[in-house]
There are 2 protein chains.
Amino acid sequence: MARATRRRERARGAEADGGGDLARKLIDAATTLIAERGPQAFSLREVARRARVSEAAPYWHFASKEALLAAVAEQGFTELAATMADVRRRVRDPRRQIQQLGVAYVGFALARPSHLRIMFGPEIADKTSHPTLRAAGARAFGLLIAAITEAQRAGYARRGNAWNLAVFAWSLVHGLSALLVDGQLRDRVRNRRDAAALASRVTKLLETGLAPR
Amino acid sequence: MARATRRRERARGAEADGGGDLARKLIDAATTLIAERGPQAFSLREVARRARVSEAAPYWHFASKEALLAAVAEQGFTELAATMADVRRRVRDPRRQIQQLGVAYVGFALARPSHLRIMFGPEIADKTSHPTLRAAGARAFGLLIAAITEAQRAGYARRGNAWNLAVFAWSLVHGLSALLVDGQLRDRVRNRRDAAALASRVTKLLETGLAPR
DNA sequence: ACCTGAACACCGTTCAAGT
DNA sequence: ACCTGAACACCGTTCAAGT
């Protein structure tokens with residue numbers, strides 16, 4: 001059906017030859033457009049226009065609109081993982097580390113709401129068919145698992161299946177992010193300070209939920 | 001811009017005159033279409049086709065595609081609230097009640113994933129402009145607040161701001177629902193039994209998070 | 001190998017016109 | 001009051017054709 005996705009790999013290599021590398025340019029334009037107009041208004045044709053190429057050009061580099069979005073989502077997970085790794089380096093107390101990972105997650109969501117939606121939403125229907133995207137997501141999740149395992153060893157988290165505890169923590173911060181981003185809490189939290197305060201309180205309860213009984 | 005949304009109110013009244021009441025028919029067709037094809041593929045023109053009217057006809061009853069989706073979302077919240085009210089009637093132990101509310105929430109999400117997305121997602125950009133939708137959402141959230149207040153009185157939940165605790169609980173079950181629906185946990189949870197078991201375990205941790213320390 | 005131009009089958013929305 | 005037909009400005013995707 002398509003003759004695309006051949007040189008996808010090379011495209012991710014940051015060769016600074018000013019000009020070529022349309023794939024990279026398309027990913028950047030898409031990221032900007034999503035941030036500006038939201039995941040709904042996003043269109044492949046507009047991305048092509050911004051990259052100053054014909055509307056058919058993207059199809060040489062990406063099999064479909066979804067494939068381009070998958071590349072955008074993948075970059076999002078990579079950035080999220082980087083922020084999380086940074087938190088893990090900076091805060092060393094295992095209890096506070098988990099809380100701060102949660103705060104960082106919510107912070108990412110509030111800073112890039114549309115990006116988050118692409119990373120998780122139905123725009124990318126079948127995540128299985130984008131293995132590098134899956135891998136990037138797994139890397140971020142892996143950092144959470146590691147933090148929890150450490151907290152268990154330090155005696156701050158209950159023993160038992162670390163994956164279950166990680167899903168608990170992830171669900172909590174992901175849910176809070178979603179509710180905030182979707183405007184579901186708008187009557188009580190109006191600005192970023194409110195949101196940050198709420199994130200801090202909710203992640204405190206996370207600590208309790210994880211604690212040994 | 002539009003001459004719509006005049007007889008919206010009457011449209012919700014279930015008068016069983018077989019034939020008229022296009023608004024009702026459009027809402028039902030939209031709900032079915034969303035369930036069948038997902039929130040992405042949904043189109044107003046297809047809804048019109050299924051209701052056997054012209055593509056312009058919906059605009060007499062709904063100001064826009066978004067307004068029709070808002071009606072669909074509102075119905076979703078109403079159904080969710082009904083299920084929650086049912087749980088509150090059936091299980092009377094305050095601790096188990098909160099857990100079961102969570103399980104019911106996740107159950108709703110798994111049974112109607114696309115409906116949930118419309119209820120929370122960006123398809124309805126400005127929820128403030130659909131007051132009846134907001135009200136329906138608030139009703140469901142109110143049931144959770146009530147359950148938590150009761151648990152506090154019974155000494156099963158820590159004292160303090162019930163709204164904060166409710167946001168904690170809601171975030172958790174909403175986040176778990178989202179992760180499940182978006183396929184983010186697909187490598188570990190493959191069928192509904194897995195999902196139900198996970199929901200049960202995660203909501204047990206919810207109990208701990210809410211418990212007095 | 002990489003891109004353009006033109007085309008196809010769709011959209012959401014509007015507006016005159018019908019009854 | 002309620003709906004149709006035709007139109008406008010958009011989409012995603014394909015495919016021949018250019019270099």
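To find a chain, count down the sequence lines: A is the first, B the second, and so on, and within it residues start at 1.
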If pairing means Watson-Crick or G-U wobble with both distances under 3.5 Å, then the partner of dC10(D) is none
dC15(D) -> Watson-Crick or G-U wobble partner, both distances under 3.5 Å, gives dG5(C)
Y59(A) OH to dC15(D) C1', in whole Å, measures 13 Å
Atom CH2 of W60(A) and atom C1' of dT14(D) are separated, to the nearest Å, by 16 Å
Quiz item: Hey, are R49(A) and E46(A) close enough for a salt bridge, meaning a charged N less than 4.0 Å from a carboxylate O?
Solution: yes
NZ/NE/NH1/NH2 to OD/OE distance under 4.0 Å, D182(B) and R117(A): no
In short, G209(A) meets L205(B) closest at the heavy-atom pair O-CD2, 3.7 Å
Here the gap from Q184(A) atom CD to M119(B) atom CE, rounded to the nearest 0.5 Å, amounts to 8.5 Å
Each nucleotide of nucleotides 5-11 of chain D classed B (base within 4.0 Å of a protein heavy atom), S (only sugar-phosphate) or -, in 5' to 3' order, makes B-B---B
The residue among I34(B), L33(B), D28(B) that forms side chain to side chain contact (heavy atoms under 4.5 Å, CB included) with V47(B) is L33(B)
The nucleotide from dA1(C), dT13(C), dT4(C) with an atom nearest the side chain of S64(B) is dT13(C)
Q: Give a yes/no answer on whether the side chain of H61(B) brings an N or O atom under 4.0 Å of OP1 or OP2 in dC3(D).
A: yes
ask   = Quick one: are L185(B) and L176(B) in side-chain contact, heavy atoms under 4.5 Å?
value = yes
